[in-house]
Structures are given as C-alpha cells and as structure tokens.
Amino acid sequence: MKSFHIITFGCQMNEHDSERMSGILQSQGLVPAASVEDAEMVILNTCSIREKAEQKFYSELGRLAHLKGRDGKRITIAVAGCIAQQEGKKLLSRTPSVDLVIGPSDIARLSVMVEQRKDGGRRVVETGGDPEYHHKLVPAARTDGLKAWVSIMYGCDNFCTYCVVPYLRGRERSRPLRDIVAEVRGLADCGYREITFLGQNVNSYGKGLEDSCSFPELLRQVQDIDGIERIRFVTSHPRDLSDGLIGAIRDLPKVCESIHLPVQSGSDRVLVSMNRRYTSDEYRKKVLQLRDAVPSVSLTTDIIVGFPGETNEDFAMTLQILRDVQFDTIFAFKYSKRPNTRALDLPGHLQEQVKEERLEQVFALQKEITLRKNRQHVGSVQEVLVEGESRKGGTLTGRTRGNMAVNFAGPRHLKGSLAKVRITSAGPNSLSGELCA
Ligand code: 5AD
Ligand code: SF4
C-alpha cells in the first residue's frame, strides 16, 4: 500500500482527526492521493450525529465497495470516526468490503493496523478507546498553512438527551497544558497565524488534570506565543460560560470576539427535557453579560427543532429567542433519533413533516436577522486575516475577528497578514470591502 485518500464527514473534530490520520500514514511512508480512484487505501472518517450523516456514509461506502469489486482493484477500505465507534465489529460482518475499523480514540494505532492488514492479513477492529490517548502526541498533516485546529480535550460528560457524542467519544479528558502550548509554539514556528481550540465543551478544560489549569488560563498562556495572531475556540456550553472566560475574551487581544454558544431551544420545558441545565432566561442573561463586556462580540448558535414533545408554544419560544438574541448566524437541525440516547424513549415524537416546517420557519427568520446583522458592518473598518485569493478569483478573501468572510481587492502578497478593510456592502454569507490605505 503506497497511497491513501481520506473522506471526512461531520465536525471540525473529525476534520482534525483526518489531519492526524494523514500525519500518521505519511510518517509511515504513504502518500496522499488526490482522489479515491488514485488511492490504494481509502479512509471514511464518519459522523453519526444525525441520521442524515450516517446515510451519507453508507452511500459513499456503497460507491467504494462497487469500485473495489470492479476489475479486482485492490483497495483497502478503513472506516474511522463516530460510526466506526458506534458499530465496531458489526461493520465487518455486515459490510464485507470494509478492511479496518478504527474509533476516534484509537487513531494512534492506525499504523499498526495498516501493517496487520498488509498483504492480505486479517481484517482489524480497534474501538476499545486508548485511555492514554489525550497524552499521545499524534502528528498532524495540516495543509492550510495559516489556520490550524488544536484539540485541547476529548469526550463529553454532559449527556444532553438527544446526543450520541458522550457514548461515542467517551468521558471528558483534557490534554496537558504543556503539550498544547508546545504544539501551538510549533505551529507558530511553521508560520501559522490562527489557532482554533477544539473540544466538545472547551469551558470545562482542565478538569482532572494533574497540574490544574482552567480554560481562561490556557488562553492566557497561548496569548504570549509570538507569531500567533488569533485564537478561537469551539464549542462552549452556555452553563459553563464563566466570568473568567468572558474576561479573557475582553482582555486578551489575540482572543477573537466570537463565540459559538448552542442554545438548542427557547422553551424551558424542552431545555429540561434535553438536560441542558439552563433556562432560556439564564441564557439571555449570559448573552447580556457577554455583550456588556465585549460589545462587538459575534454570536452563533445551534438549534434543534421538533424535539420529542415540542409543542407549537415551545417552538414559538425558539423563534422568540432568535428574535431576542439576534445571533449573527445559526446552525439549525431537525431532531434525529440516535441510538442509546435518552430522548429515544421520550413521548411525543413528531412527524417528519412538522419538523420540516419548523426548520423552514427557523431558516426564514434567521435569514432576515443575519442579513440585517451583516449590513450593520457596512461602513466599519475590520481587521481581516488575509487567506489568499477568493475562490471566484480577482479579489482577496479573509475573515474578520467575528469570523465573517470578507472579499476585497488587494495585492497577493498580503496573504497571511492582518489587513484593515472598510466594509462597503453585505450579503447573506459574506461582506465586501476596500483595503484601507
Ligand atoms: N438531532 C438533531 N441535532 C442534533 N445535534 C446533536 N444531536 C442531534 C440530534 N440527535 C445538534 C446540536 C448540536 C450540534 C452539534 O448538532 O444542535 O449542538
Ligand atoms: Fe463530530 Fe459528533 Fe459527528 Fe462525532 S458525532 S463526528 S463528534 S459531530
């Protein structure tokens, strides 16, 4: 086996896990292939957060199995990520085309597994979860050059009743501070300018560490690293949004004024049923506190519509919280049944059509809000980290501290620098502007 190709589904954590699997395989001498057709090994790094994500994986697997069967092409198929963890060895018995199954906390075993399967060796499953994974320094093959993801913790202890993640990614484990700081220093030395800390619940970073450390403390340590210009993080649980973190966003110049704070629902009854452990008023208060301390903060959220038992009144409260809070952007989903989760047994599961209609309403409302919010930026001067030429060509593109995409004319050599851009117009997904002299 000489070449590999990775197809990634799901969240940023999965994107970053794919970088790590790529790093492991490259250190083993394998080379990345541009497409499935050119690869001897294909890894499907899967997501099972909603049924739709699973369906996408199974249809991709079907396509690959077909390719594998054709002309006796020798292609090794590995399934990684959350579906690998969920299904384990069942994947081997049900899908003869699959050669390797590897869970998210077993990635460090990938090279050994590839060796085992080489030359017609046995099919291998590793989903036991390495209890020391958070101490391992797994190489990551990053390709961006400017912006990097850095995992700071794995797993989740929150057990929201709809969510499969705690069952698949296990209990919360934080990486030691010194390992994270060393990784970020290394990234700065390689020219990276922005890092995004990843964790299911970054605000509770540090729990259980030998040398205790909080998330704001981690931010402070990284603030001092030369070369890094911007620090972002996802995801924060509203209940754990501490005064310390709000203070860090306000006071640390490199920490961007941008936070993803999933509210899920505007109804207290539904929030209890989801086991979110905050009320909609508590959420609103946190937002006020945040905006009081950091007026320019950009705020994004996740919404689930059609949770079991959600009445028209409950749903109206979700629309109301969207109107009240005025998020910059939202990610909204129809509730999806997930194996082993507590919500499965709740009464009042809704019909698909009801969920569909509610989702449409949420999107329609937020579309107006987002456009209005985007237009408020017109006339302002924004700091933009220049990422390079825009996809359409002809202009440069980059992101504001609030994580909005901005297109503007300028010389190519600005790539990688921070530019001042005056915003001249706003669309639903991006801003346009002109470079300040
Ligand atoms: N159904 C629909 N959406 C879900 N999410 C998590 N689990 C489910 C589910 N079973 C959404 C939540 C979460 C985001 C990552 O995905 O909004 O914040
Ligand atoms: Fe990421 Fe959750 Fe999907 Fe796993 S299930 S890939 S943790 S979004």
Side-chain angles (χ1 to χ4, degrees), residues 8-17 45-57 81-83 85-86 104 149 151 153-169 172 196 198-204 233-241 259-267 270-271 273-278 280 283 286 299-310 314-315 317-319 321-322 325 327 329-346 348-352 354-360 362-363 366:
T8 309
F9 304 85
C11 63
Q12 286 124 322
M13 242 155 291
N14 260 20
E15 294 283 350
H16 181 48
D17 284 347
N45 194 9
T46 62
C47 171
S48 71
I49 195 100
R50 284 170 291 275
E51 219 175 332
K52 216 162 137 193
E54 275 199 48
Q55 285 160 359
K56 272 197 214 157
F57 155 68
C82 290
I83 299 178
Q85 188 65 40
Q86 185 176 291
W149 287 304
S151 292
M153 60 193 300
Y154 305 111
C156 179
D157 287 350
N158 280 325
F159 289 97
C160 302
T161 56
Y162 49 80
C163 188
V164 79
V165 170
Y167 303 95
L168 302 180
R169 300 234 167 192
E172 247 173 51
T196 301
L198 296 180
Q200 297 294 345
N201 185 14
V202 289
N203 301 355
S204 62
F233 51 87
V234 277
T235 288
S236 307
H237 192 295
R239 196 177 50 110
D240 300 329
L241 177 64
I259 187 160
H260 184 61
L261 204 61
V263 64
Q264 313 296 1
S265 168
S267 153
V270 173
L271 289 171
S273 185
M274 287 176 163
N275 191 33
R276 291 293 289 175
R277 288 168 293 160
Y278 53 81
S280 63
Y283 185 94
K286 292 252 172 169
L299 196 60
T300 58
T301 203
D302 291 340
I303 297 284
I304 296 179
V305 300
F307 189 73
E310 184 188 73
D314 292 320
F315 176 62
M317 292 180 206
T318 295
L319 293 177
I321 205 163
L322 293 180
V325 173
F327 294 101
T329 314
I330 65 164
F331 302 87
F333 315 99
K334 289 181 286 182
Y335 167 74
S336 170
K337 290 181 181 170
R338 298 289 70 210
N340 301 318
T341 55
R342 279 170 32 213
L344 273 183
D345 302 324
L346 290 173
H349 282 263
L350 298 174
Q351 286 184 344
E352 207 47 34
V354 176
K355 297 187 208 173
E356 197 75 62
E357 284 166 11
R358 290 183 181 172
L359 189 66
E360 288 300 318
V362 161
F363 283 145
Q366 187 59 39

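We count residues from 1, following the sequence as given. Values below: every heavy atom of this structure, side chains too, minus hydrogens, waters and symmetry copies. Atoms within a ligand are numbered from 1 in the order they appear, just like the ligands themselves. All of these numbers come straight from a predicted model, not from anything done at the bench.
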Peer 1: Under a 3.5 Å cutoff, is there a donor and acceptor pairing between the side chains of Thr300 and His260?
Peer 2: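 Yes, side-chain donor-acceptor contact under 3.5 Å.
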
Peer 1: Checking the N or O distance criterion of under 3.5 Å, is ligand 1 in contact with Arg338?
Peer 2: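 No: no nitrogen or oxygen of Arg338 is under 3.5 Å from one in ligand 1.
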
Peer 1: Check ligand 1 against Arg50 and write out every atom of the ligand that is under 4.0 Å from a heavy-atom position of the residue.
Peer 2: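 Heavy-atom distances to Arg50 below 4.0 Å select 1 (N), 2 (C), 3 (N), 4 (C), 5 (N), 11 (C), 16 (O).
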
Peer 1: Report the part of Lys334 (side chain from C-beta onward, or backbone N, CA, C, O) that has a heavy atom under 4.0 Å from ligand 1; answer both or neither where that applies.
Peer 2: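 Looking at Lys334 and ligand 1, just backbone atoms fall under 4.0 Å.
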
Peer 1: Side chains of Asp240 and Asn201: donor-acceptor distance under 3.5 Å anywhere?
Peer 2: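 Result is yes, a qualifying pair exists.
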
Peer 1: Charged N to carboxylate O under 4.0 angstrom, Glu310 versus Lys355?
Peer 2: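 Salt bridge between Glu310 and Lys355, a charged N being under 4.0 Å from a carboxylate O: no.
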
Peer 1: Using a strict cut-off of 4.0 Å, indicate which atoms of ligand 1 neighbour a heavy atom of Asp302.
Peer 2: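 Those of ligand 1 that fall under 4.0 Å from Asp302 are 13 (C), 14 (C), 15 (C), 17 (O), 18 (O).
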
Peer 1: Give the numbers and elements of all ligand 1 atoms closer than 4.0 Å to a heavy atom of Tyr335.
Peer 2: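 Near Tyr335, the atoms of ligand 1 are 1 (N), 2 (C).
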
Peer 1: For a quick check under 3.5 Å, do Glu54 and Ser48 share a side-chain donor-acceptor pair by atom type?
Peer 2: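 The answer is no; no qualifying pair exists.
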
Peer 1: Is it the side chain, the backbone, both or neither of Ile49 that has a heavy atom closer than 4.0 Å to ligand 1?
Peer 2: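 The answer is both, backbone and side chain.
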
Peer 1: Run the numbers for me: atoms of ligand 1, each under 4.0 Å from some heavy atom of Gln264, listed by number.
Peer 2: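 Near Gln264, the atoms of ligand 1 are 12 (C), 13 (C), 17 (O), 18 (O).
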
Peer 1: Hey, is Phe333 touching ligand 1 through its side chain, its backbone, both or neither, going by heavy atoms under 4.0 Å?
Peer 2: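 Side chain only.
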
Peer 1: Between Arg276 and Asn158, does any side-chain donor sit less than 3.5 Å from a side-chain acceptor?
Peer 2: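 No, no side-chain donor-acceptor contact under 3.5 Å.
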
Peer 1: Under 3.5 Å, is there a donor-acceptor pair between the Gln86 and Tyr167 side chains?
Peer 2: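 Checked: Gln86/Tyr167 side chains show no N/O donor-acceptor pair below 3.5 Å.
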
